[in-house]
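Take a look at the structure set out below.
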Amino acid sequence: MRPDTPAENVDHTAEADRLERTADLYPEDAEALLLRAAAHRELSGDRPAATALYDRLLASSQELDDPYLVRALKASNLWEYGHEAEARAIITGIRTAAPRDPAPWVIVAESLESHDELEQAHETFTQAVLLLLTGVEEPPRATHPLLFGRHRVRRMLGAAHDEWDALADTVHTLPIGLDELHDPKRVWSLGSENPVELEAEIIRLRAELGAYREALSRPFPVAVLHWPAGELAELTEAYPSLAEEYPSYEEHLAAIEAALRELAASGTPNLGVVTGTVPSYEAFAASELASPTDPALLPQYATTLAARGRAVAWPPERSAACWCGSERAYGECHGAG
């Protein structure tokens, strides 16, 4: 599926079938591919098939990158088609395990929220925030949904602002403030005959829609290809004609950062970096019945790696490790200046 395919034009069953076939071809990427396939199964209405995919991952002999994320998605899906008791048991298990990744917390808390378990949702969001953000000066981007979700639930519960709500306000960047976005009375204004109220609500909804679109498009980044030093040396030695594309390793890294900044400046969302290896590139060339010496194959290879879930989002947090693999903080490496 192309990243720009309108949602209403997607054949979710066919897309799930394609992703499952791709997972069979690339078992090392099965987790990312099957999670996307399960999402398409859910969107197609075949929730039992989605559960089967989550179970397939959990039963796999291959170690998962994020088993709690898989469990959280399974719990959310189960609850949607009548398996509330099993879903609750999984959610309790996740909360007890207290994973350090924010994604499972967001999913289970929002699942509780969507089923009007507001007190439990609030407890879950708060538990995650205390675990992941206590003593943290600058909340990582991945934890922002925890702060926003907690703020939203507290507004519905009529709770007064606290320090975490204030922090949510500081990291929120949309033009409409969180208090307005999460106002429980907003839904009433949709039935208003006052054009001023309706126009204000349309502006709020557009702001929310922009955030949702950004979140939904994250699995399909525009990715730039990065070769580690050793791989780049091996690549240009094996295929000297590609040396014109990569005059030196330092220039290669500088070109990646420059390209990403240019794309960001042009308004391109969801940028990422994918890391190539020579054996993987050669296998891709063979699958395309093309020569590895063809430079036109390089962006296609990058796109394929991104589609297999191999992209790392750019830019990283300034305090996070740089995408280049230097083990220095991004703000002190390619993010400097």
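All of these numbers come straight from a predicted model, not from anything done at the bench.
With a 4.5 Å cut-off on side-chain heavy atoms, R154 and F125 do not count as touching. Side-chain contact between W323 and T275: absent, with no pair of heavy atoms (C-beta onward) separated by less than 4.5 Å. Looking only at side-chain heavy atoms (C-beta outward), I256 and W314 stay at 4.5 Å or farther from each other.
Across all non-hydrogen atoms, the minimal contact from A142 to P145 is O-CD, 3.4 Å.
In this structure, E237 places its CD atom where only 12 or fewer heavy-atom neighbours from other residues, nucleotides or ligands lie under 6.0 Å away. Counting non-hydrogen atoms of other residues, nucleotides and ligands closer than 6.0 Å to OH of Y330 gives a total above 12. Residue E138 qualifies as open at atom CD: its count of foreign heavy atoms under 6.0 Å is 12 or below.
Under a 3.5 Å cut-off, the side chain of R71 and the backbone N or O of I90 do not form any donor-acceptor pair. The main-chain N or O of L232 is found under 3.5 Å from a side-chain atom of T236 such that the two form a donor-acceptor pair. Using a distance-only test at 3.5 Å, with no hydrogens or angles considered, no donor-acceptor pair links the side chain of S76 to the main chain of L73. A donor-acceptor contact shorter than 3.5 Å links the side chain of E317 to the backbone of R141. In this structure, the side chain of T134 does not engage the main chain of L131 through any donor-acceptor pair within 3.5 Å.
With sequence neighbours left out, A255 forms a side-chain contact (heavy atoms from CB on, under 4.5 Å) with no residue at all. Remark: L289 pairs with no residue by the side-chain contact (heavy atoms from CB on, under 4.5 Å) rule, at least two apart or across chains. Every side chain to side chain donor-acceptor pair (under 3.5 Å) that Y246 has, sequence neighbours left out, goes to W227.
Remark: R308 is positioned above the aromatic ring of Y26, its terminal NZ or CZ atom under 6.0 angstrom from the ring centre and at most 45 degrees off the axis.
If you check the side chains of H226 and H252, you find no donor sitting under 3.5 Å from an acceptor. Side chain to side chain, Q120 and R95 meet the donor-acceptor criterion of an N or O pair below 3.5 Å. Between the side chains of E245 and Y239, not a single donor N or O lies within less than 3.5 Å of an accepting N or O.
For the atom pair CG of L242 and CG of L235, the computed distance is 5.0 Å after rounding to the nearest 0.5 Å. Residue D165 holds its CG atom at 5.5 Å from CZ of R150, rounded to the nearest 0.5 Å.
Salt-bridge formation is detected for the pair R56/D24: a Lys NZ or Arg NE/NH1/NH2 atom is positioned less than 4.0 Å from an Asp or Glu carboxylate oxygen. Between D29 and R36 there is no salt bridge, since no side-chain nitrogen of the basic residue lies less than 4.0 Å from a carboxylate oxygen of the acidic one. Taking a cutoff of 4.0 Å between a charged side-chain nitrogen and a carboxylate oxygen, R41 and D17 qualify as a salt bridge.
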Verdict with supporting geometry, S280 and Y301, side-chain hydrogen bond (donor to acceptor under 3.5 Å, both in side chains): CA-CA 9 Å; S280 169; Y301 174 52; 2.9 Å; yes

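Residues H144 and H172 place their aromatic rings such that the two centres sit no closer than 6.0 Å.
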